[in-house]
Number of protein chains: 2
Amino acid sequence: MTQGEAPPRTPRSRPTMREVAALAGVAIKTVSRVFNGVPTVDPAIVARVREAADKLGYRPNLTASSLRRGDGRTATIGMLVEDAANPFSAALTRTVENVARERGSLVLVGSLDEDPARERELAQALIDRRVDGLVIVPAGRDHSYLISEQRSGTCMVFVDREPSLLDADAVVSDNRQGAVTAVDHLLKAGHRRIAYLGDRATISTAAQRFDGYRHALEVAHIAYDDELVHHTGASEEAAIDATRRVLSLPDPPTALFTSQNLVTIGAVRALRALGLQHSVAHVGFDDFPLADILSPGISVIAQNIEQVGKTAAEMLFRRLDGDESAATTITVPTRLIERGSGEIRAGGHHD
Amino acid sequence: MTQGEAPPRTPRSRPTMREVAALAGVAIKTVSRVFNGVPTVDPAIVARVREAADKLGYRPNLTASSLRRGDGRTATIGMLVEDAANPFSAALTRTVENVARERGSLVLVGSLDEDPARERELAQALIDRRVDGLVIVPAGRDHSYLISEQRSGTCMVFVDREPSLLDADAVVSDNRQGAVTAVDHLLKAGHRRIAYLGDRATISTAAQRFDGYRHALEVAHIAYDDELVHHTGASEEAAIDATRRVLSLPDPPTALFTSQNLVTIGAVRALRALGLQHSVAHVGFDDFPLADILSPGISVIAQNIEQVGKTAAEMLFRRLDGDESAATTITVPTRLIERGSGEIRAGGHHD
DNA sequence: CGACGCTGAGACAACGTTGACTGGCCGAGA
DNA sequence: TCTCGGCCAGTCAACGTTGTCTCAGCGTCG
């Protein structure tokens, strides 16, 4: 600590166009022109302005720019997901980010944790920051609070779950058909008692998957048995518990259909703890990392997250580009990935 | 399509304070006071303003506000990670988001994909949007380009990797010690030939982990063998390849230390493909989902991602609150999780 | 030689909001 | 009765930028 210590401390505020203009000896408007790439500026002046800007460490203020600018665009979009940390949300965020980047936009993310109040709060927070558009994986079941925002010109696309009480675009996976495919697959392996373990039935995707389950059974003329059904909520512990419960019934299921990620993993854990992983068939909805490396590998209905995210983002930008056509819902197909657990036959063992 | 079709179409722009003021019959400044919770406004007027605002669907414009406001804060922070989709980045993002939310801030995320050019671009893009601060998991090895930003008052905290050519706060895991712990653990199980498979050595965390590996061997008086070392880069395929390579040596290793997530998973796949998962010991750096459910479970050196993220975010906000103390690096300890694979003894089998 | 168009730069106002200040009203104390 | 101070709402300018307009200078053509 020498006493001559007085480093170029704290201008504490960023240089502005005014300062750049002063240093370059031009009008502030000319600096603006240079940074907006207006071609009618003398190259010599451009160089002088650039030099002055570099010397001062000037960076344009996009918030001021977007305020003044005609379109008021902020080159920022908002993304609300269930939980930024979970693989589904993370993958979705990334694909949206990729599309946004191509368009020069950044992404503000928020996690909702399935809380409708938080959905509202965060949607408002994003709108208060004047994002150009919103990509929402909704938590609530009433989106009428967004009607006025929509009317005010904020574009929005729903993902994974459709909007309620609001007319807006959506991109969803074919949940019902995916569930039908899963159950059909188990039926084909000879199973007649197939348990359903899934997220709370109030969540629309869970409801659709459950609907698919019931439909597939119905088509196969198998009576619906309430005992084989548990809407556990999205938690491993609850799923483990529910799995143990159904398997200890007097007439236990020979196959499981788990309709959500964490539920699937819980069921996997429970089956292994009971030593039944090679004798009880199992198909899960949603792929998860390392599902292929387990033994048996876990057969799943995989969503095409990349396509869902990409489609949604592109839809949003099309709206931002002025597309005024009627709101639509795009359904993206799922696909069955056979890895072993879903191919265990009824009555027999199979690896 | 009836012809009377002319819905309340496209005001196309959001209502402003001016319009609210006009409708409520007050001055614009009074509306401002109401929305800022200034207590010296007549309750009757507050009610009138709120009502007018609701009727118009008014939402304050935070970008305009932050422009005018003294501190210029945008209540937004920027977060640059390696890839928003990978579990490490996702978990980190979430913990930062949690701290930010407590402070009323939102988080802008960007993925760098280990590309230094992208790091610069995105950092600039965030600064152009006048984020209050930056949390960076850097991709590049020269952060001098941030010096002027720092001097202009933008706070920044580095995470996972320390800044180079820049004096800034950082929060990192104890990579070297973690690696030492991993190798010591394998040594204790009797191993003398321990392979190292890791990310490119130019990545500082990988270098630190490799350093720990060498150090632990040296302390144990085991000669370093170049044949047992592969800096593969972060890819499963490359790791599978490298694993096969070391295991087909004339004098193959009896244990593996893999110093990165994807490398660990690649090694797991390779060991299983070779049927060696129960005879070759294996400790990986970084925990990963379902590591416990494999057989054997994969022993890992786990980073405390939550603590790293939380510490970094808190550090950032402390700076934003005016902390001017010297930049520091906080090191967060790692911990060994024994799950089976790391406890396989040399020469023997073990589950 | 003067009107004309073109090029390149500056002046001014405005985007939506808030900080600093002003001004009207009312009750209390001189 | 008059002033003073507190209370509350309003006026004005400014944050950093850009759209619109203006204007000086210059070359061109009738």
Side-chain angles (χ1 to χ4, degrees), chain A residues 11-49 52-53 56-75 127-132 152-154, chain B residues 11-50 52-53 56-75 127-132 152-153:
Chain A
R12 256 302 154 266
S13 81
R14 309 199 137 267
T16 70
M17 275 193 177
R18 185 196 313 295
E19 293 163 60
V20 175
L23 184 58
V26 298
I28 186 175
K29 181 74 226 235
T30 300
V31 179
S32 168
R33 278 193 266 258
V34 169
F35 275 87
N36 286 287
V38 175
T40 65
V41 183
D42 187 320
I45 294 193
V46 172
R48 223 163 69 222
V49 168
L56 295 174
Y58 171 77
R59 289 262 86 209
N61 185 332
L62 223 70
T63 69
S65 165
S66 96
L67 180 62
R68 182 59 183 88
R69 204 161 205 120
D71 56 13
R73 293 283 167 83
T74 52
I127 287 167
D128 292 353
R129 284 168 181 75
R130 293 299 185 267
V131 292
D132 299 332
S152 301
T154 301
Chain B
R12 257 301 156 263
S13 80
R14 311 198 136 265
T16 69
M17 275 195 176
R18 186 196 312 295
E19 293 162 60
V20 175
L23 183 58
V26 298
I28 187 176
K29 181 75 228 236
T30 301
V31 179
S32 168
R33 278 193 266 258
V34 169
F35 276 87
N36 285 286
V38 174
T40 65
V41 183
D42 187 320
I45 294 192
V46 172
R48 222 163 68 222
V49 169
R50 292 237 116 93
L56 294 174
Y58 171 77
R59 289 261 87 208
N61 184 333
L62 224 69
T63 69
S65 166
S66 95
L67 181 61
R68 182 58 182 86
R69 210 163 198 118
D71 56 12
R73 291 284 166 84
T74 52
I127 286 167
D128 292 354
R129 284 165 182 77
R130 293 299 184 268
V131 293
D132 298 333
S152 301

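What you see is a predicted model; the values in this text were computed from it and never measured. These values consider heavy atoms only, across backbone and side chains, with no hydrogens, waters or symmetry-generated copies.
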Salt bridge (Lys or Arg N to Asp or Glu O under 4.0 Å) partners of residues 35-48 of chain B, not counting sequence neighbours, each pair once:
none
Could you pull out the closest heavy-atom pair between B/Val41 and B/Val38, with the gap in Å?
CG2-O, 3.6 Å
Give each protein N/O atom lying under 3.5 Å from an N/O atom of nucleotides 6-12 of chain C, with the pair distance.
{"from": "C/dA9", "atom 1": "OP2", "to": "A/Thr40", "atom 2": "O", "distance (Å)": "3.3"}
{"from": "C/dA9", "atom 1": "OP2", "to": "A/Asp42", "atom 2": "N", "distance (Å)": "3.0"}
{"from": "C/dG10", "atom 1": "OP1", "to": "A/Ala27", "atom 2": "N", "distance (Å)": "3.2"}
{"from": "C/dG10", "atom 1": "OP2", "to": "A/Ala27", "atom 2": "N", "distance (Å)": "3.0"}
{"from": "C/dG10", "atom 1": "OP2", "to": "A/Thr30", "atom 2": "OG1", "distance (Å)": "2.2"}
{"from": "C/dG10", "atom 1": "N7", "to": "A/Arg33", "atom 2": "NH2", "distance (Å)": "2.6"}

Would one find a side-chain N or O of B/Arg69 under 4.0 angstrom from OP1 or OP2 of C/dG16?
no
Could you check how far CZ of B/Arg73 sits from C1' of C/dT17, rounded to whole Å?
18 Å
B/Leu56 CG to C/dG16 P, straight-line distance once rounded to whole Å:
14 Å
Does B/Asp128 have any side chain to side chain donor-acceptor pair (under 3.5 Å) partners at least two apart in sequence or in another chain, and if so, which?
A/Arg59
In whole angstrom, give the distance that lies between atom CG of A/Leu67 and atom C1' of C/dT18.
13 Å
Euclidean distance, atom CZ of residue A/Arg68 to atom P of C/dA13 [Å, nearest integer]
12 Å
Let me know the distance between CG of B/Asn36 and P of C/dG19, rounded to the nearest Å.
7 Å
Could you check how far CD of B/Glu19 sits from P of C/dC15, rounded to whole Å?
11 Å
Whole-Å distance, A/Arg59 CZ to D/dT17 C1', equals 15 Å
Could you tell me whether a side-chain N or O of A/Arg130 sits under 3.5 Å from a main-chain N or O of A/Leu67, the two making a donor and an acceptor?
no
What heavy-atom pair brings B/Tyr58 and B/Pro15 nearest, and what distance separates the two atoms?
CD1-O, 3.3 Å
Output a table of donor-acceptor pairs, distance under 3.5 Å, between side-chain atoms of residues 22-33 of chain B and any protein atom two or more places apart or on a different chain; print 'none' if there are none.
{"from": "B/Ser32", "atom 1": "OG", "to": "B/Asn36", "atom 2": "ND2", "distance (Å)": "3.4"}

Distance test, side-chain N/O of A/Arg18 to OP1/OP2 of D/dC15, below 4.0 Å:
yes
What's the closest nucleotide to the side chain of A/Met17 if the choices are D/dT18, D/dG16, C/dT18?
D/dT18
What is the nucleic acid contact for B/Phe35, judged by heavy atoms within less than 4.0 Å: base, sugar-phosphate only, or nothing?
nothing
Could you state the atom-to-atom distance from CG of B/Asn61 to P of C/dT18 in whole Å?
9 Å
Which pairs pass side chain to side chain donor-acceptor pair (under 3.5 Å) with one or both residues in residues 65-75 of chain A, sequence neighbours excluded?
A/Ser65-A/Arg69, A/Thr74-A/Asp132
Any N/O pairs under 3.5 Å between the protein and nucleotides 23-28 of chain C? List them or say none.
none

Can you find a side chain N or O atom of B/Ser32 that sits less than 4.0 Å from OP1 or OP2 on C/dT17?
no
